[in-house]
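Because the structure is a prediction, the values reported are computed rather than measured. As the structure lists them, so they are numbered: ligands from 1, and atoms in each ligand from 1.
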Amino acid sequence: MGVEDNKKRAALEALKWVHDARIIGVGTGSTINHFIDALGDIKGRLDGVVSSSEASTLRLKAAGIPVLDLNAAGELPVYVDGADEANRHLQLIKGGGGALTREKIVAAVSKRFVCIVDDSKLVQVLGGFPLPVEVIPMARSHVARELVKLGGRPDWRQGFITDNGNVILDVHGLSIIDPPHLESEINQITGVVCVGIFARRPADVLLVGAAHGVQTLP
Ligand code: 5RP
């Protein structure tokens, strides 16, 4: 029983939170890929899905699930997505897959955000996982200098361009004691498109897959 099994357990549990929703939001990553595969079995119940990345869109379409434009879909009843780290306040670090901006948008328009992780991602303090920050390319060095002033060690994710045409700085060495405060502080830096702290709009439900089953928080 490994991490992949635990991701899959959490993903299957998330199906129960879809209830009778006709349109849902779907995130990005290896955990969500399990969810998309399972969604294929109940696709007849759905009008469609709002996707948070080109990668998920491809997988959804391959499974025969219609992908909808968020502007036409309106408010969503439920959004299911993974995370790189989660604490017990359901605050998250996201963006390991580089889809953080669209993920934050879909989370913002969703009534209930169901986050699915394996148990290795549950931490006391966020920041062990390098914090992704999406940045307008010409502002990369400026934003990096500002992040150093905040105590981080930004590392340019070279060769990676986001779905929005921007770059990612992965910030090492942060111990994020006050996630909502740091989220706001980094959002204020000119040139930042999005920071991968999801604390001002945390998850509403966290499903933690482990060898013994799935724990539901809170
Ligand atoms: C992508 C994300 C993912 O949810 C996060 O990176 C977790 O990915 P995985 O399920 O592959 O561990 O935020 O931007």
Establish whether F160 and L169 are linked, either directly or via other cluster members, by ILVMFWY side-chain heavy-atom contacts under 4.5 Å.
-> no
Should the pair [X]-[Y] be classified as a salt bridge under the 4.0 Å nitrogen-to-oxygen rule?
{"X": "K121", "Y": "E85", "result": "no"}
{"X": "D204", "Y": "R112", "result": "no"}
{"X": "R9", "Y": "D118", "result": "no"}

For [atom], what's the nearest protein heavy atom and its distance?
{"atom": "atom 5 (C) of ligand 1", "answer": "D84 OD1, 3.1 Å"}
{"atom": "atom 10 (O) of ligand 1", "answer": "T31 OG1, 2.6 Å"}
{"atom": "atom 3 (C) of ligand 1", "answer": "T28 O, 3.2 Å"}
{"atom": "atom 12 (O) of ligand 1", "answer": "K121 NZ, 2.5 Å"}
{"atom": "atom 1 (C) of ligand 1", "answer": "E103 OE2, 3.1 Å"}
{"atom": "atom 9 (P) of ligand 1", "answer": "S30 OG, 3.3 Å"}

N or O contact, G29 vs ligand 1, cut-off under 3.5 Å = no
Looking only at N/O atoms, are G95 and ligand 1 under 3.5 Å apart anywhere?
-> yes
Atom indices of ligand 1, in the order listed, that fall short of 4.0 Å to a heavy atom of [X]:
{"X": "G98", "value": "14 (O)"}
{"X": "K7", "value": "12 (O)"}
{"X": "D81", "value": "4 (O)"}
{"X": "G82", "value": "4 (O)"}
{"X": "G97", "value": "1 (C), 6 (O), 14 (O)"}

Any side-chain donor-acceptor pair under 3.5 Å between S56 and S51?
-> no
Considering the options R102, E54, E134, which one meets the side-chain hydrogen bond (donor to acceptor under 3.5 Å, both in side chains) requirement together with T162?
-> E134
Considering residues, nucleotides and ligands other than H181, do more than 12 of their heavy atoms fall under 6.0 Å from its NE2?
-> no
Got a sec, which residues hit side-chain hydrogen bond (donor to acceptor under 3.5 Å, both in side chains) with R22, two or more places apart in sequence or on another chain?
-> D47
Given that the side chain starts at C-beta and the backbone is N, CA, C, O, which of these parts of S53 lies under 4.0 Å from ligand 1, counting heavy atoms, or is it both or neither?
-> neither
So is G27 close enough to ligand 1, meaning a heavy atom under 4.0 angstrom away?
-> no
Quick one: list whatever passes salt bridge (Lys or Arg N to Asp or Glu O under 4.0 Å) with D155, sequence neighbours left out.
-> none
Trace of the side chain to side chain contact (heavy atoms under 4.5 Å, CB included) decision for I189 with L147 | CA-CA 9 Å; I189 301 171; L147 290 167; 4.1 Å; yes
